[in-house]
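One structure is given below, encoded as structure tokens.
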Amino acid sequence: MRFNIDGKLLQQQLSAVNKVINSKNALSILDNFLFELTGNRLTITGSDQENIVTAHIQVAECEGEGAIALPAKTLLEITKEVNNQPVSFYLNEQTGEIDLEFLNGKFKFIGISADEFPRGEGIEDGSFKVEIPASVVLKGIEKTVYAVSQETIRPIMTGIYWDIHEEDIVFVASDTHKLVRYITREVKPGFEKGFIMPSKPANILKNILGKEDMVTLHIGEKGANFSFGDFTLSCRFIKGNYPNYNRVIPTDNPFTLTVDRQSMLNAMRRVAIFASKASSLVKMELSQEGVRLAAQDLDYGTSAEERVMCEYQGNDMTIGFNSNFTVEILNNMGGDTVVIKLSDPARPGIFEPLEQEPETMLTTIQMPMQVIE
């Protein structure tokens, strides 16, 4: 098996596929890329058993066909050093020896039999299929993935829930302290289906989706395939039923705080420096005069406060929020102005951009914290 390939292109594809490979694997074969040559098409595969990323590259001056597993770390280091040079790849099928030649030299190393590399189960017949603009997938993941839970005690909360309806797609993520619901009507799938996508493949997809126009999504019972450009990402779903997220979102929060998002974000960051390290509590004291942010750390005798210009309609009240979560919410909200809807200090606050993007609705809620005067 022999072929020529552009070194920079090879390095880019390897870097993308490498995102799925764990730093430590239970199976040593998963420390490798799988190379498969069919005609003039080279397929590069990486896997962590749960997720698979595949890249396709057109190669030149190819001879023969075959497959071999190659050490991922070594190959990445080689291609970084070769940089933009053309590379000639030669595999000796008898010995498994690899010759990688470039303009002024060559590398020689040993591959592993492709038979040892685990294959994915594939998506079963009768799966659901939908074409989704890449921008919709990107926004759905970017708006929600930060809110997934890091606690593995409840696995279903560690992923993004895709709630697909005939007329829209709803992306949901929650760690029980905050919940994000992003509704998009930019695509009308024409069927009803739901699945929980783990955060790892969601982040991989976000990082490698690039500037492609469309994503073809095949949905099976246990997993899904995302195909776009030269790549395919396959992932297994998290088993379980996602909670009814709509019931968590308050329907009657009559008090509204309208404020410049960046001003509120910057003030929250500054005041949070002096919040208790144990709770990260920042109090929001709301009145017709505006909002006052306050924090203190009794252990160190420090405190901070700052007033932020805003428009507030409602009764005077003091509500406490975890500043880390509030900063995350405001940082990922987007837009110039945010509206915070409240009812009382014991009920969740709703964060929404004042102006929603066309055909979308972004709603984030945050659970309050007890404030002791």
Tell me if the CD atom of Glu131 is crowded by more than 12 foreign heavy atoms within 6.0 Å. yes

Hey, quick one: are Phe35 and Leu9 part of the same hydrophobic cluster, counting side-chain heavy atoms closer than 4.5 Å, chains of contacts allowed? yes

Hey, are the side chains of Thr74 and Phe107 touching, using non-hydrogen atoms and a 4.5 Å cut-off? no

Should we count NZ of Lys193 as having more than 12 external heavy atoms under 6.0 Å? yes

Qualifying residue, where the test is side-chain contact (heavy atoms from CB on, under 4.5 Å) with Phe228 and the options are Ile132, Val137, Leu217, Ile208: Ile208

If I compare all heavy atoms of Met268 with all of Leu293, which pair ends up nearest, and what's the gap? N-CD1, 3.8 Å

Would you say Ile57 ends up clustered with Phe102 if hydrophobic residues are merged whenever their side chains have heavy atoms under 4.5 Å apart, either directly or through other cluster members? yes

Within the 4.5 Å heavy-atom criterion, are Pro345 and Pro368 side-chain neighbours or not? no

Distance-only, no hydrogens or angles: does the Gln288 side chain make a donor-acceptor pair with backbone N or O of Gly314 under 3.5 Å? yes

What pair of heavy atoms forms the shortest contact from Ala72 to Ile21, and how long is it? CB-CD1, 3.8 Å

Linking I/L/V/M/F/W/Y whenever any side-chain heavy atoms sit under 4.5 Å apart, do Ile238 and Val20 land together? no

With rounding to the nearest 0.5 Å, note down the distance linking CG in Leu91 to CD in Gln94. 9.5 Å

Under 4.5 Å between any side-chain heavy atoms of Ser343 and Pro254, yes or no? yes

Set out, in order, the CA-CA distance, both residues' side-chain angles and the distance that settles side-chain contact (heavy atoms from CB on, under 4.5 Å) for Val282 and Thr326, then state yes or no. CA-CA 9 Å; Val282 170; Thr326 306; over 6 Å; no

Using the rule given for side-chain contact (heavy atoms from CB on, under 4.5 Å), can you reason through Tyr90 versus Glu101, listing the C-alpha separation, both sets of side-chain angles and the distance that settles it, and then say yes or no? CA-CA 8 Å; Tyr90 171 70; Glu101 300 180 357; over 6 Å; no

For Lys19 and Asn51, does a side-chain donor sit closer than 3.5 Å to a side-chain acceptor? no

Determine, for Lys206 against Glu142, whether the closest basic-nitrogen to carboxylate-oxygen distance falls under 4.0 angstrom. no

With heavy-atom distances below 4.5 Å as the criterion, would you say the side chains of Ile219 and Ile164 are in contact? yes

Nearest heavy-atom contact between Thr360 and Glu357 is OG1-O, 2.8 Å

Rounded to the nearest 0.5 Å, what separation is found between the OH atom of Tyr242 and the CE atom of Met157? 4.0 Å

State the CG-CZ distance between Leu34 and Phe117, to the nearest 0.5 angstrom. 5.5 Å

Contact summary for Leu30 and Pro118, nearest pair of heavy atoms: CD2-CG, 3.5 Å

What pair of heavy atoms forms the shortest contact from Pro71 to Ile110, and how long is it? CD-O, 4.2 Å

Would you find a donor on one side and an acceptor on the other, under 3.5 Å apart, between the side chain of Glu352 and the backbone of Lys341? no

Within the side chain of Glu166, is there an N or O that forms a donor-acceptor pair under 3.5 Å with the backbone of Glu192? no

Spacing of CG belonging to Asn203 relative to CG belonging to Leu205, to within rounding of 0.5 Å: 9.5 Å

Going by distance alone, is a donor N or O of one side chain under 3.5 Å from an acceptor N or O of the other, for Asn4 and Glu61? yes

Taking atom CZ of Arg154 as the centre, does the number of heavy atoms from other residues, nucleotides or ligands within less than 6.0 Å exceed 12? no

Would you compute the distance between atom CG of Asn40 and atom CD of Gln58 and round it to the nearest 0.5 angstrom? 4.5 Å

Give a yes or no answer on whether the side chain of Ser323 reaches the backbone of Ser280 with a donor-acceptor pair at less than 3.5 Å. yes

Please answer whether the main-chain N or O of Met1 pairs with a side-chain N or O of Glu93 as donor and acceptor at a distance below 3.5 Å. yes

Is the shortest side-chain heavy-atom distance between Pro133 and Met214 below 4.5 Å? yes

Verify same cluster id: Leu233, Leu138 (apolar side-chain graph, 4.5 Å): yes

Can a side-chain donor-acceptor contact be found between Ser287 and Glu289 if the only test is distance below 3.5 angstrom? no

Lys143 and Phe171: CA distance, side-chain angles, deciding distance, side-chain contact (heavy atoms from CB on, under 4.5 Å) verdict: CA-CA 8 Å; Lys143 296 294 185 184; Phe171 298 83; over 6 Å; no

Heavy atoms from other residues, nucleotides or ligands near NZ of Lys73 exceed 12 (cutoff 6.0 Å): no

Look at the side chain of Asn207 and the backbone N and O of Ile204, then say whether any donor-acceptor pair between them is shorter than 3.5 Å. no

Please answer whether the main-chain N or O of Leu103 pairs with a side-chain N or O of Gln85 as donor and acceptor at a distance below 3.5 Å. yes

Between the side chain of Asn18 and the main-chain N/O of Leu14, is any donor-acceptor distance below 3.5 Å? no

Residue Asn246 excluded, over 12 heavy atoms near CG under 6.0 Å: yes

Parallel, tilted or perpendicular: which fits the ring planes of Phe255 and Tyr312, with parallel below 30° and perpendicular above 60°? perpendicular

So do Gln356 and Leu362 actually touch side chain to side chain, heavy atoms under 4.5 Å? yes

Salt-bridged, Lys277 to Asp299, with N to O below 4.0 Å? no

Glu328 and Asn324: side chain donor to acceptor below 3.5 Å: no

Let me know which of Ile5, Val87, Leu10, Asp6 forms a side-chain contact (heavy atoms from CB on, under 4.5 Å) with Val59. Ile5

If you define the side chain from C-beta out and look only at heavy atoms, does anything of Gln11 sit under 4.5 Å from Lys80? yes

Spatial distance of atom CZ (Arg181) from atom OG1 (Thr363) [nearest 0.5 Å]: 4.5 Å

Just checking, any donor-acceptor pair under 3.5 angstrom between side chains of Tyr245 and Asp163? yes

Aromatic ring proximity, centroids under 6.0 angstrom, Phe226 and Phe231: no

same_hphob_cluster(Val291, Ile329) at 4.5 Å side-chain heavy-atom cutoff: yes

I would like to know whether Met284 and Leu257 meet side-chain contact (heavy atoms from CB on, under 4.5 Å); could you show each step before the answer? CA-CA 11 Å; Met284 295 173 59; Leu257 168 67; 3.6 Å; yes

Sub-4.5 Å side-chain heavy-atom contact between Thr45 and Glu36: yes

Looking only at heavy atoms, which two atoms of Ile156 and Asn241 are closest? And how far apart? CD1-O, 3.4 Å

Donor-acceptor pair, side chain of Arg261 and main chain of Leu330, under 3.5 angstrom: yes

Just wondering, are more than 12 heavy atoms of other shown residues or ligands nearer than 6.0 Å to NZ in Lys108? yes

Test salt bridge (charged side-chain N to carboxylate O under 4.0 Å, His left out) on Lys139 and Glu359 and set out the steps. CA-CA 12 Å; Lys139 284 187 287 187; Glu359 298 296 314; over 6 Å; no

Do side-chain atoms of Asp175 reach the backbone of Glu151 as a donor and acceptor pair under 3.5 angstrom? no

